[in-house]
Amino acid sequence: MKNTSFFQVIQKRRSIRSFYDKPVEGQKIQKILKAACLGPSARGLQSFRIYLVKDRKKKEKLAHAAHEQQYVNAPLLLVFCTLPAKIKKMMGVRGENLLSVQDATIAASYAQLAATALGLSSVWVGNFNEKSTQKILKTKLRPVAIIPIGYQKNGAGPKKTKKTGEIVKSI
Ligand SMILES: Cc1cc2nc3c(=O)[nH]c(=O)nc-3n(C[C@H](O)[C@H](O)[C@H](O)COP(=O)(O)O)c2cc1C
């Protein structure tokens, strides 16, 4: 991949909240999942797990757990959870509460970029009820990001970002 195409992917990725009712091809799903697992992780432990939700009823329930964000009921739904047991043993509370969350969010971010590179769209959903989500997934793992993915119906408006100087402090 040329450098330019990598930066084009980053620029192209936007939060999309409406999808066609068209399934995501199996090959694309595998590529997205592989990309999610290729990121850096604390001590290389990959302290996260991904739930791939196919069941329509479960997706509807998850949309409800995400305070009625209906786009959670997307053709492909990935839920990124932390799996902190090992990193907690090695690094204590910081491993449990921070590093495993970082692992899971890096993976989710890679998945979003891979989806974009494959002509798909997605949105990061962080506003959901953790307990209800755990119940629906039948897991004790902590869900940190829900990523609905599909073929976009409506695009996003112009992207507004702060100037780099407002974000970066050179010292
Ligand atoms: C941690 C996090 C939580 C977010 N939670 C939600 C959410 O619950 N619902 C939603 O529609 N978008 C959510 N977003 C998407 C943001 O609103 C979006 O990324 C931001 O407005 C910038 O737009 P862009 O993604 O198109 O560049 C979240 C993004 C992040 C990184």
Side-chain angles (χ1 to χ4, degrees), residues 4-22 24 28 32-33 35-42 46-53 56 58-84 94-137 139 141-168:
T4 46
S5 63
F6 171 72
F7 287 103
Q8 277 164 0
V9 167
I10 290 180
Q11 202 137 38
K12 204 169 152 214
R13 185 222 54 82
R14 295 297 310 280
S15 294
I16 296 299
R17 298 178 176 87
S18 64
F19 305 101
Y20 285 111
D21 193 13
K22 174 184 171 185
V24 177
K28 290 193 177 182
I32 292 167
L33 296 174
C37 296
L38 280 174
S41 68
Q46 299 185 287
S47 301
F48 65 94
R49 289 295 179 265
I50 306 167
Y51 284 83
L52 195 167
V53 186
R56 190 169 279 276
K58 280 201 170 66
K59 286 196 238 176
E60 279 166 11
K61 284 183 185 171
L62 285 166
H64 182 63
H67 312 294
E68 307 306 336
Q69 299 188 70
Q70 292 311 315
Y71 36 87
V72 165
N73 192 1
L76 172 61
L77 189 66
L78 302 178
V79 185
F80 291 79
C81 300
T82 64
L83 182 72
R94 187 173 166 80
E96 180 183 23
N97 292 345
L98 179 64
L99 304 181
S100 64
V101 174
Q102 289 178 337
D103 282 7
T105 50
I106 288 167
S109 215
Y110 273 45
Q112 276 203 298
L113 292 176
T116 306
L118 293 164
L120 292 153
S121 298
S122 64
V123 59
W124 189 294
V125 174
N127 184 19
F128 57 85
N129 183 297
E130 269 187 41
K131 285 245 150 65
S132 314
T133 301
Q134 284 176 317
K135 238 184 184 176
I136 298 159
L137 298 177
T139 184
L141 304 186
R142 182 181 182 200
V144 292
I146 299 177
I147 311 286
I149 300 173
Y151 288 96
Q152 79 169 54
K153 242 187 204 170
N154 304 316
K159 169 101 178 164
K160 285 186 203 141
T161 54
K162 292 189 172 68
K163 293 214 166 71
T164 314
E166 288 179 69
I167 306 262
V168 180

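We count residues from 1, following the sequence as given. We use all heavy atoms of the structure for the numbers below, so side chains are in, but hydrogens, waters and symmetry mates are not. Atoms within a ligand are numbered from 1 in the order they appear, just like the ligands themselves.
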Asker: Could you tell me if the side chain of Glu60 sits less than 4.5 Å from the side chain of His64, heavy atoms only?
Answerer: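 A side-chain contact under 4.5 Å is absent here.
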Asker: Need the ligand 1 atom indices (1-based, order shown) with element for anything under 4.0 Å from a heavy-atom of Arg14.
Answerer: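 Every atom of ligand 1 under 4.0 Å from some heavy atom of Arg14: 24 (P), 26 (O), 27 (O).
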Asker: Considering only the protein, which heavy-atom contact is closest to atom 8 (O) of ligand 1, and what is its distance?
Answerer: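 Minimum-distance protein heavy atom for atom 8 (O) of ligand 1 reads Asn127 N, 3.0 Å.
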Asker: Give the single entry among Lys160, His67, Arg17 that approaches atom 16 (C) of ligand 1 most closely by any heavy atom.
Answerer: Arg17
Asker: Give the atoms of ligand 1, by number and element, whose distance to some non-hydrogen atom of Val125 is under 4.0 Å.
Answerer: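 This gives 5 (N), 6 (C), 7 (C), 8 (O) as the contact atoms.
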Asker: Between Arg14 (side chain) and Gly157 (backbone), is there a donor-acceptor pair under 3.5 Å?
Answerer: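 Such a contact is found between Arg14 side chain and Gly157 backbone.
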Asker: May I ask whether Arg13 places a heavy atom under 4.0 Å from ligand 1?
Answerer: yes
Asker: Carefully, step by step, assess Leu120 and Ile16 under the rule side chain to side chain contact (heavy atoms under 4.5 Å, CB included).
Answerer: CA-CA 10 Å; Leu120 292 153; Ile16 296 299; over 6 Å; no
Asker: Do Tyr20 and Pro75 touch side chain to side chain, with heavy atoms closer than 4.5 Å?
Answerer: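 Not in contact.
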Asker: Hey, is atom 21 (O) of ligand 1 under 4.0 Å from any protein heavy atom?
Answerer: no
Asker: For atom 13 (C) of ligand 1, which protein heavy atom lies nearest, and how many Å away is it?
Answerer: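 Checking every protein heavy atom, the shortest distance to atom 13 (C) of ligand 1 gives Trp124 O, 2.7 Å.
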Asker: Crowded around Glu68 CD? As in, over 12 foreign heavy atoms under 6.0 Å?
Answerer: yes
Asker: Considering heavy atoms of the protein only, find what lies nearest to atom 23 (O) of ligand 1 and give residue, atom and distance to 0.1 Å.
Answerer: Ser15 OG, 3.9 Å
Asker: In the structure I gave you, are the side-chain heavy atoms of Tyr51 and Leu78 within less than 4.5 Å of one another anywhere?
Answerer: no
Asker: Nearest 0.5 Å, please: how far is OG1 in Thr82 from CZ in Phe48?
Answerer: 11.5 Å
Asker: Going by heavy-atom distance to atom 9 (N) of ligand 1, choose the closest among Gln69, Lys159, Gln112, Gln11.
Answerer: Gln69
Asker: Counting both backbone and side chain atoms, is some N or O of Gly126 under 3.5 Å from an N or O of ligand 1?
Answerer: yes
Asker: Decide if atom NZ of Lys61 counts as having more than 12 heavy atoms of other residues, nucleotides or ligands within a radius under 6.0 Å.
Answerer: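 Counting other residues, nucleotides and ligands, NZ of Lys61 stays at 12 neighbours or fewer.
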Asker: Contact between Tyr71 and ligand 1, counting heavy atoms under 4.0 Å?
Answerer: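 It does, in that a heavy atom of Tyr71 comes within the 4.0 Å cut-off of ligand 1.
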